[in-house]
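All residue numbers in this chain count up from 1 along the given sequence. Since the structure is predicted, the reported quantities are computational estimates derived from the model, not experimental observations.
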Amino acid sequence: MPRGRPRTRGDHRPLQPSVLTRPGPPPARAGTTSRTRTDGHLARDHPRTRGGHKPLSGGEGGFVLTDDDTYYRLLTFAHYNKRAKSEIPAEHPLAAALAHDQLGRLDGYLAGRAEIADHLTAEFARIPGFEVTPMPDGVVPSWYGLTLTYHPGELGGLSIERFHQALVAEGATEFDRPGSTCPMNQLPLYQHPATLFPGHPHSHRHYKAGDFPVAEHAHAHAIKLLVWHREQDLELAKQYVRAAIKISDHHKELL
């Protein structure tokens, strides 16, 4: 469905997150690996999301795969989403078919993302105002996105908001500021838990801004960029680099 078009009465029901909790081992191809072990083998449950830009996209919000019987039952009876709860243990069949069709090509997608991520990392490391955190030895990301650290002091104190606005004005709209992925202590639920638990106003810890200064600083100085995977996408990645270089070179005009 085209982005931005409202649904009509004849449209299919809105896609919402679903949960796939089919007992069995996590899949062999799980994207991120650490010292040759896929991330799906590092825990009892394996949550994944399926948004449009994810390495394995199916249109649904996500699923959880587990071989733990207790966790499976917990999700079955305790999941908050009405539609997801009613459809456990099966996600939307169309989403499952789309994702299943991609599994055979997933390793190629990830290899393509790694190549473009390497290019972006090398280029942004040369641009004043940006820093790219290197990956630890033995870690291979799935590269859903590249997170850049912005240093306003290198550009005369130009705020990250102003820099991001300039990027978007240049047409580089895939640059994004993290929103919902902020430190949890900044969310109202964790600052005022009694709102959700009125009968137990003192049973949950109250957090406030400043409790996690390192995480808050990282979040406040982060700009994300989509990582593409096709060979023809390399030129698009280069255009995004050129947009960042242009704004960095002309930052004084934005002060």
Problem set entry | Pairwise distance CE(M135) to CG(D118) - rounded to 0.5 angstrom | 10.5 Å
For this session: Over all heavy atoms of both residues, which pair between A222 and P178 is shortest? Give the atoms and the distance, please.
Result: O-CD, 3.3 Å
For this session: Scan for salt bridge (Lys or Arg N to Asp or Glu O under 4.0 Å) pairs involving residues 209-226, sequence neighbours excluded, and state none if there are none.
Result: D176-K224, K208-D211
For this session: Work out which heavy atom in V227 is nearest to a heavy atom in G145; give both atom names and the distance.
Result: CG2-C, 3.9 Å
For this session: State whether the side chain of R230 and the backbone N or O of Y109 hold a donor-acceptor pair below 3.5 Å, judged by distance alone.
Result: no
Exercise. N185 and G210: which non-hydrogen atoms are nearest, and at how many Å?
Worked result: ND2-N, 4.0 Å
Exercise. Among Y240, Y150, F130, which one satisfies ring-ring contact (aromatic ring centres under 6.0 Å, His included) with F124?
Worked result: F130
Exercise. Taking all non-hydrogen atoms of both residues, which atom of E170 and which atom of A243 are closest, and how far apart?
Worked result: CB-CB, 4.3 Å
For this session: Assess whether side chain to side chain contact (heavy atoms under 4.5 Å, CB included) is satisfied between I247 and D249, documenting all intermediate values.
Result: CA-CA 5 Å; I247 297 169; D249 288 346; over 6 Å; no
Exercise. Would you call E235 and R242 a salt bridge, taking side-chain N to carboxylate O under 4.0 Å as the test?
Worked result: yes
Exercise. Any chain of hydrophobic side-chain contacts (each under 4.5 Å) joining V168 to I127?
Worked result: no
For this session: Take T195 and H192 through the test side chain to side chain contact (heavy atoms under 4.5 Å, CB included) and record every step on the way to the result.
Result: CA-CA 6 Å; T195 303; H192 309 287; 4.0 Å; yes
For this session: Measure across L187 and C182 and return the closest heavy-atom pair with its distance rounded to 0.1 Å.
Result: CD2-SG, 3.6 Å
Problem set entry | W228/R113 under side chain to side chain contact (heavy atoms under 4.5 Å, CB included): CA gap, chis, key distance, verdict | CA-CA 6 Å; W228 301 270; R113 287 182 182 235; over 6 Å; no
For this session: Calculate, to the nearest 0.5 Å, the distance between atoms CD and NE2 belonging to E154 and H251 respectively.
Result: 10.0 Å
Seminar exercise, completed: Tested for side chain to side chain donor-acceptor pair (under 3.5 Å) against H250, the lone hit among E253, K246, K252 is E253
Exercise. So K238 and H119, side chain to side chain contact (heavy atoms under 4.5 Å, CB included) or not? Walk me through it.
Worked result: CA-CA 9 Å; K238 292 179 179 179; H119 173 80; 3.5 Å; yes
For this session: Check whether the side chains of H151 and E131 place a donor and an acceptor atom closer than 3.5 Å, and report yes or no.
Result: yes
For this session: Output yes when a side-chain donor or acceptor of T121 lies under 3.5 Å from a complementary backbone atom of A117, and no otherwise.
Result: yes
Exercise. Just how far is it from atom CG of D101 to atom CG of L106, taken to the nearest 0.5 Å?
Worked result: 12.0 Å
Problem set entry | H206 atom NE2, over 12 foreign heavy atoms within 6.0 Å | yes
Seminar exercise, completed: Rounding to 0.5 Å, atoms CZ (R162) and CG (L155) come to a distance of 13.0 Å
Exercise. Considering residues, nucleotides and ligands other than M184, do more than 12 of their heavy atoms fall under 6.0 Å from its CE?
Worked result: no
Problem set entry | Gap between atom CD of Q165 and atom CD1 of I160 - 0.5 Å precision | 11.5 Å
Exercise. Any idea which heavy atoms bring L158 and P152 closest together, and the distance?
Worked result: O-CB, 3.3 Å
For this session: Determine, using ring centers only, whether H164 and F175 are less than 6.0 Å apart.
Result: no
Exercise. Is it true that H217 and H221 have ring centroids separated by less than 6.0 Å?
Worked result: yes
